[in-house]
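This report concerns only the one structure given below.
Positions are given from 1, in the same order as the sequence printed here. Heavy atoms only: backbone and side chains are in, while hydrogens, waters and symmetry mates are out. This is a predicted model, so every value here is computed, not measured.
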Amino acid sequence: QVQVVESGGDLVQAGGSLRLSCAASGSIIRINDMGWYRQAPGKQRELVATITSRGSTNYADSAKGRFTISRDNAKNTVYLQMNSLKPEDTAVYYCHAGAVTWDLREYDYWGQGTQVTVSS
């Protein structure tokens, strides 16, 4: 009943920038935490950044100082601004949302993933 749709993944040269967007829609009364995760080939999915409904943020050490997570609560949208990209940032990036539906329970929702490729 809740859809999470991502966009913004692309091929970019090392040192470049990219902005990812993720919009949630459906039977939502509130979205709590939102976040970005990534998975490189042969690797486990790892946390990149999270943001609460109030705007408190948390970053992985690899993302700190280069990436910025933000959200627009009115649009149920979360963004990830990625600067100074490195080849090791290459991965499929997934959006996560903890959404409260009309049954007043929180469920975890994931986007389909968007490919980010950074060339050296």
For Ile29, all residues meeting side chain to side chain contact (heavy atoms under 4.5 Å, CB included), sequence neighbours excluded: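 Counting only residues at least two positions away or on another chain, Ile29 forms a side chain to side chain contact (heavy atoms under 4.5 Å, CB included) with Val100, Trp102, Leu104.
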Results of side chain to side chain contact (heavy atoms under 4.5 Å, CB included) for Gln39 - residues two or more places apart only: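 Gln39: side chain to side chain contact (heavy atoms under 4.5 Å, CB included) contacts with Arg45, Tyr94.
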With [X], which residues qualify under side chain to side chain donor-acceptor pair (under 3.5 Å), at least two apart?
| X | value |
| --- | --- |
| Asp33 | none |
| Thr68 | none |
| Thr101 | Asp103 |

Side chain Glu6, main chain Cys95, donor-acceptor under 3.5 Å: yes
Verdict with reasoning, Arg71 to Ser53, per side chain to side chain contact (heavy atoms under 4.5 Å, CB included): CA-CA 8 Å; Arg71 65 190 287 170; Ser53 61; 4.2 Å; yes
Smallest separation among heavy atoms of [X] and [Y], with atom names:
| X | Y | value |
| --- | --- | --- |
| Ser120 | Ala14 | CA-CB, 4.4 Å |
| Thr90 | Gln115 | CG2-NE2, 4.1 Å |
| Glu106 | Gly98 | OE2-CA, 3.6 Å |
| Arg38 | Ser62 | NH2-OG, 3.3 Å |

Hydrophobic cluster of Val48, others only, ordered by chain and residue number, side-chain cut-off 4.5 Å: Val2, Val4, Val12, Leu18, Leu20, Ile28, Ile31, Met34, Trp36, Ile51, Tyr59, Phe67, Ile69, Val78, Leu80, Met82, Leu85, Tyr93, Tyr107, Tyr109, Val116, Val118
Exercise: do Ser17 and Asn83 side chains pair donor with acceptor under 3.5 Å: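 Yes, side-chain donor-acceptor contact under 3.5 Å.
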From Ser7 atom OG to Gln112 atom CD, the distance as rounded to the nearest 0.5 Å: 8.5 Å
Gln3, CD: over 12 other non-hydrogen atoms inside 6.0 angstrom: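 Check fails, neighbour count at 12 or below.
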Steps toward salt bridge (Lys or Arg N to Asp or Glu O under 4.0 Å) verdict (Asp61, Lys64): CA-CA 5 Å; Asp61 288 340; Lys64 198 170 300 181; 3.7 Å; yes
Residue pair Tyr37, Thr50: steps toward the side chain to side chain contact (heavy atoms under 4.5 Å, CB included) verdict: CA-CA 9 Å; Tyr37 298 74; Thr50 60; 4.2 Å; yes
